[in-house]
There are 2 protein chains.
Amino acid sequence: MDSAERILQQLRQRGERITIQRRMVIEALCEDCDHLTINDIQKQMESRGYELDEATIYRILQWLKAAEVISQTDLGARGIVYELIGTKRHHHLVCLNCHAVIELDDSFADQLREQVRHEHDFEPRVDHLAIFGWCAQCRAAKAATKN
Amino acid sequence: MDSAERILQQLRQRGERITIQRRMVIEALCEDCDHLTINDIQKQMESRGYELDEATIYRILQWLKAAEVISQTDLGARGIVYELIGTKRHHHLVCLNCHAVIELDDSFADQLREQVRHEHDFEPRVDHLAIFGWCAQCRAAKAATKN
DNA sequence: CTACATGCAAATCCTTTGCATCCAC
DNA sequence: GTGGATGCAAAGGATTTGCATGTAG
C-alpha cells in the first residue's frame, strides 16, 4: 500500500517520530479501507502475527487524530470507528432500530460548511458524520405493529 | 414549570408509569434548560436535598430517550449531554481546541433531512447534532504559532 | 545520547446488570 | 395485589495513567 508510505512521509516531514507500531496501525487502516474499531485493529495486527498493546493503540489513534490523518465516529450500537480521512469523504446513516449503516455522500455537507463558516466564523471539521434515524424497513415494521 | 407537568401528562397518557424519581428528573431537565450531563442531574437532585441512584438516572434517561422526550448528544470533551426535545430545536458547534460550544440554528438541517428522506428513504432523527471544528479565536491562535 | 514511544499493570470512569425490596396503578 | 421501578452492590467495558524499559532520530 503506497498510501501508507505517503502518509508516513507526510508525518515524518512534520517532524513526527515513526515507530514500527505507528507504521503498522497506519498500514492496517490503509488496507482494511472500511471503518475499524479498536478491536478490529488489534485483531488485524494479531492476524499478521504482531501483538500490539491496547494502550499503545489508543495513544497512536489519538496521535493520528490530532494530526488529522484519521476521523473518529461514534456509530452508536456499532461502536466507535476510525478511518483515514484521505479517501473519498462520506458519512453514514445509522438505523436506531436495526443498526444498519448506510453510506451517505459528502455533498450534503457543503451547504452546512458554508453556512457555518459565514454565519459563525467557525471552520467545521465534518469528516465523518453519523446521522441516526429510522431506515425504511424498520419504519414499515413499526407502522405495522403500531395498533 | 408547567412544561414538566405537560410532559408528565403525555407520558401518563401513553401508559407510562410515573414515579417520584422520574418526575424529579423531568423537572430538573425543565428547569436547567441547558444541556445537562448525568452528573449535572445528580448534583441538581442533591441540591434539592434528594439523592438519586446513578443507575436509576441512567434507566430514566434511557426511558426518556426511547419516549423521544429528550435528545442525547456527545459534545466530545464536554461529555454526553441530555436535553428536552420540546423547545426550539438547535445544534452545536464544538471547538476541538478550546471546547467552546456555540449554538446553531436548526434551519441548516432542513436540506439534510430532505435529501436523506428522498435519496435514501431514511427518516433522520436529527434532534441535536454536535459539529466539531475550530472556532475563530483558536484558528487565529493556531495561525500565529504556526511558524 | 536523549527525548519520546512502548509495554505492562493498575487505576479510573462510565454504564449496565442481578436481585431483593418497594410502590404506582 | 401485581408488574414494573428503584436502590444497592457488583460486574463489565472502554479508556487513561505511571513507570520502567526500549528505541528513533
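Numbered from 1 within each chain, the chains take letters A, B, ... in sequence-line order.
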> Give the rounded distance in Å between these two atoms: CD of A:Gln42 and P of C:dG7.
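Value for this atom pair: 11 Å.
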> Within this structure, what is the CG-to-P distance between B:Leu61 and D:dA5, rounded to whole angstrom?
15 Å
> Check whether any side-chain nitrogen or oxygen of A:Gln21 sits under 4.0 Å from OP1 or OP2 of D:dT23, and answer yes or no.
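Indeed not, no polar side-chain atom of A:Gln21 lies that close.
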> C:dC23, OP1 or OP2 - any side-chain N/O from B:Arg17 closer than 4.0 Å?
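No, B:Arg17 has no side-chain N/O under 4.0 Å of OP1/OP2 on C:dC23.
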> What is the distance, to the nearest angstrom, from the CD1 atom on B:Ile57 to the P atom on D:dA5?
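The distance from CD1 of B:Ile57 to P of D:dA5 comes to 17 Å, rounded to the nearest Å.
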> I need the CD-P distance between B:Glu16 and D:dT6, as an integer number of Å.
11 Å
> Rounded to the Å, how far apart are A:Arg22 CZ and C:dC4 P?
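Whole-Å distance recorded here is 11 Å.
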> Looking only at side-chain N and O atoms, does A:Asp105 offer a donor or acceptor that is under 3.5 Å from a partner on A:His90?
no
> With distance as the sole test, does B:Arg22 use its side chain to make a donor-acceptor pair with the main-chain N or O of B:Arg17 at under 3.5 Å?
yes
> B:Ile20 side chain: which of C:dT6, C:dG7, C:dA24 is closest?
C:dA24
> Keeping B:Arg78 on the side-chain end and B:Ala100 on the backbone end, is there a donor-acceptor pair under 3.5 Å?
no
> Give a yes or no on whether a donor-acceptor pair under 3.5 Å exists between the nucleobase atoms of D:dG4, that is its base, and the side chain of B:Arg59.
no
> Mind checking whether B:Leu8 and B:Ile60 sit in one hydrophobic cluster, side chains of I, L, V, M, F, W, Y counted as touching below 4.5 Å?
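Same cluster: B:Leu8 reaches B:Ile60 through Ile, Leu, Val, Met, Phe, Trp or Tyr contacts under 4.5 Å.
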> Rounded off to whole Å, could you give me the CG-to-P distance for the A:Leu52 and C:dA5 pair?
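In whole Å, C:dA5 P and A:Leu52 CG are 15 Å from each other.
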> I want to confirm an ordering. Mapping B:Trp63 and A:Arg12 to their closest nucleotides on DNA chain D, which one lands closer to the 5' end?
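Taking each residue's closest nucleotide, the earlier one in sequence belongs to B:Trp63.
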> I want to verify a distance call: between C:dT6, D:dA5, D:dG7, whose nearest atom is closest to the B:Thr56 side chain?
D:dG7
> Any N/O pairs under 3.5 Å between the protein and nucleotides 11-15 of chain C? List them or say none.
from   : atom 1 : to      : atom 2 : distance (Å)
C:dT15 : OP2    : B:Tyr58 : OH     : 2.4
C:dT15 : O5'    : B:Tyr58 : OH     : 3.4

> Do A:Ile41 and A:Leu52 sit in one hydrophobic cluster, given that two such residues count as connected whenever their side-chain heavy atoms are within less than 4.5 Å of each other, even indirectly?
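Linked, A:Ile41 and A:Leu52 end up in one cluster.
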> For A:Asp53 and D:dT16, give me the distance from atom CG to atom C1', rounded to whole Å.
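To the nearest whole Å, that distance equals 12 Å.
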> Name the closest nucleotide to the A:Ala55 side chain, picking from D:dT16, D:dG25, C:dT6.
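When the side chain of A:Ala55 is considered, D:dT16 is the closest of D:dT16, D:dG25, C:dT6.
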> Do the side chain of B:Arg113 and the main chain of B:Val126 share a donor and acceptor less than 3.5 angstrom apart?
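At least one qualifying donor-acceptor pair exists.
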> When you check the side-chain N and O atoms of B:Asp40 and B:Thr37, is any donor under 3.5 Å from an acceptor?
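Checked: B:Asp40/B:Thr37 side chains pair up, N/O donor to acceptor below 3.5 Å.
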> To the nearest Å, how far apart are A:Ile60 CD1 and D:dA24 P?
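Checked: the CD1 to P distance equals 13 Å.
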